[in-house]
Enquirer: 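Shown below is the structure under consideration.
Only a predicted model underlies this, so the values are computations on that prediction, with no experimental measurement involved.
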Amino acid sequence: MKLHQPFFSTIVIICQLIISLKDYYKLQEWKKANPGLDALINKIVHYDTLFLFVLIIGVLEMLTKPSWFKNLIRIFLVCIVLGHYFSGVIPIEGFKFGIYNTACFSAVVAFVLILIRIGKYSLNKRANQKL
């Protein structure tokens, strides 16, 4: 399997990693400032799994040959990262959860497509070895 122009996805994945680390350290500062509330409040944390979702979609983008589908995946990746970053500014209730759920669904689809691609590659490689 060949990686096709992995530079874009690498940049997007690194940007999401930076945003996720920023959110992690912000949460740690809040926990230090409010140790009593930390035990009482169940904070929902999405930055870690959102990074994994972006990573999976980015790997699919790297494995895809240049086409309209690759451009669609790139636009989708940028929308996920920017939507997560600017979710506090956008005045739509539940926008952050919508971005998270969309990224989750897309990552599952991307993972299935990656598995299919790996299966095809291994079957072709096995068929070429038998010849």
Enquirer: What distance separates N124 CG from Q129 CD, expressed to the nearest 0.5 Å?
Expert: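 So the CG of N124 and the CD of Q129 are separated by 11.5 Å.
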Enquirer: Are side-chain heavy atoms of Y100 and T49 found at a separation under 4.5 Å?
Expert: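 Result yes, sub-4.5 Å side-chain heavy-atom pair found.
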Enquirer: Do L123 and Y121 sit in one hydrophobic cluster, given that two such residues count as connected whenever their side-chain heavy atoms are within less than 4.5 Å of each other, even indirectly?
Expert: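 In one cluster: no.
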Enquirer: Please identify each residue that fulfils side chain to side chain donor-acceptor pair (under 3.5 Å) with T102, with sequence neighbours left out.
Expert: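 With neighbours one apart ignored, the set is empty.
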Enquirer: Looking at residues at least two apart in the chain, or sitting in another chain, which of them share a side chain to side chain contact (heavy atoms under 4.5 Å, CB included) with E93?
Expert: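 Here no residue qualifies.
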Enquirer: My understanding is that only residues two or more places apart in sequence, or in another chain, count here; which of them pass side chain to side chain contact (heavy atoms under 4.5 Å, CB included) with K120?
Expert: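 Scan of K120 (side chain to side chain contact (heavy atoms under 4.5 Å, CB included), adjacent residues dropped) gives I116.
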Enquirer: Do I114 and V112 sit in one hydrophobic cluster, given that two such residues count as connected whenever their side-chain heavy atoms are within less than 4.5 Å of each other, even indirectly?
Expert: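 No; V112 is not reachable from I114 via cluster members.
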Enquirer: Working to the nearest 0.5 Å, report the span between CH2 of W30 and CG of L37.
Expert: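 It is 5.5 Å, given to the nearest 0.5 Å.
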Enquirer: Considering only distance and modelled atom types, tabulate donor-acceptor pairs under 3.5 Å from the side chains of residues 52-59, sequence neighbours left out.
Expert:
none

Enquirer: Who are the side chain to side chain donor-acceptor pair (under 3.5 Å) partners of Y47, not counting sequence neighbours?
Expert: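 Result, side chain to side chain donor-acceptor pair (under 3.5 Å) vs Y47: none returned.
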Enquirer: Please enumerate all residues that pass side chain to side chain contact (heavy atoms under 4.5 Å, CB included) together with T10, with sequence neighbours excluded.
Expert: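 P6, I14, M62.
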Enquirer: So, using ring pair (Phe, Tyr, Trp, His ring centres under 6.0 Å) as the criterion, who are the partners of F97 when residues are at least two apart?
Expert: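 H46.
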Enquirer: Tell me, please, which residues at least two apart from K32 pass side chain to side chain contact (heavy atoms under 4.5 Å, CB included).
Expert: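 By the side chain to side chain contact (heavy atoms under 4.5 Å, CB included) rule, K32 matches no residue at all.
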Enquirer: Linking directly or through intermediates, with side-chain heavy atoms under 4.5 Å: list the remaining ILVMFWY members grouped with F7, chain and number order.
Expert: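 Via sub-4.5 Å side-chain contacts, F7 links to I11.
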Enquirer: Would you indicate whether the side-chain heavy atoms of V12 and Q16 approach each other to under 4.5 Å?
Expert: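 Q16 does not reach V12 side chain to side chain.
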Enquirer: Would you check if I19 and F51 make a side-chain contact, meaning some heavy-atom pair closer than 4.5 Å?
Expert: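 With C-beta onward as the side chain, the pair stays apart.
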Enquirer: Using the rule that two of Ile, Leu, Val, Met, Phe, Trp, Tyr join whenever any of their side-chain heavy atoms come within less than 4.5 Å, decide whether V108 and F111 are in one cluster.
Expert: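 No; tracing contacts between hydrophobic side chains, which count when under 4.5 Å, never links both residues.
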Enquirer: For residues 69-92, dump all side-chain donor-acceptor pairs below 3.5 Å to protein atoms at least two apart in sequence or in another chain.
Expert:
unit_1: K70; atom_1: NZ; unit_2: H4; atom_2: O; d: 2.7
unit_1: K70; atom_1: NZ; unit_2: E61; atom_2: O; d: 2.7
unit_1: K70; atom_1: NZ; unit_2: E61; atom_2: OE2; d: 3.3
unit_1: K70; atom_1: NZ; unit_2: T64; atom_2: O; d: 3.0
unit_1: R74; atom_1: NE; unit_2: E61; atom_2: OE2; d: 2.7
unit_1: R74; atom_1: NH2; unit_2: Q5; atom_2: OE1; d: 3.4
unit_1: R74; atom_1: NH2; unit_2: E61; atom_2: OE2; d: 3.4
unit_1: H84; atom_1: NE2; unit_2: D23; atom_2: OD2; d: 3.1
unit_1: S87; atom_1: OG; unit_2: H84; atom_2: O; d: 3.1

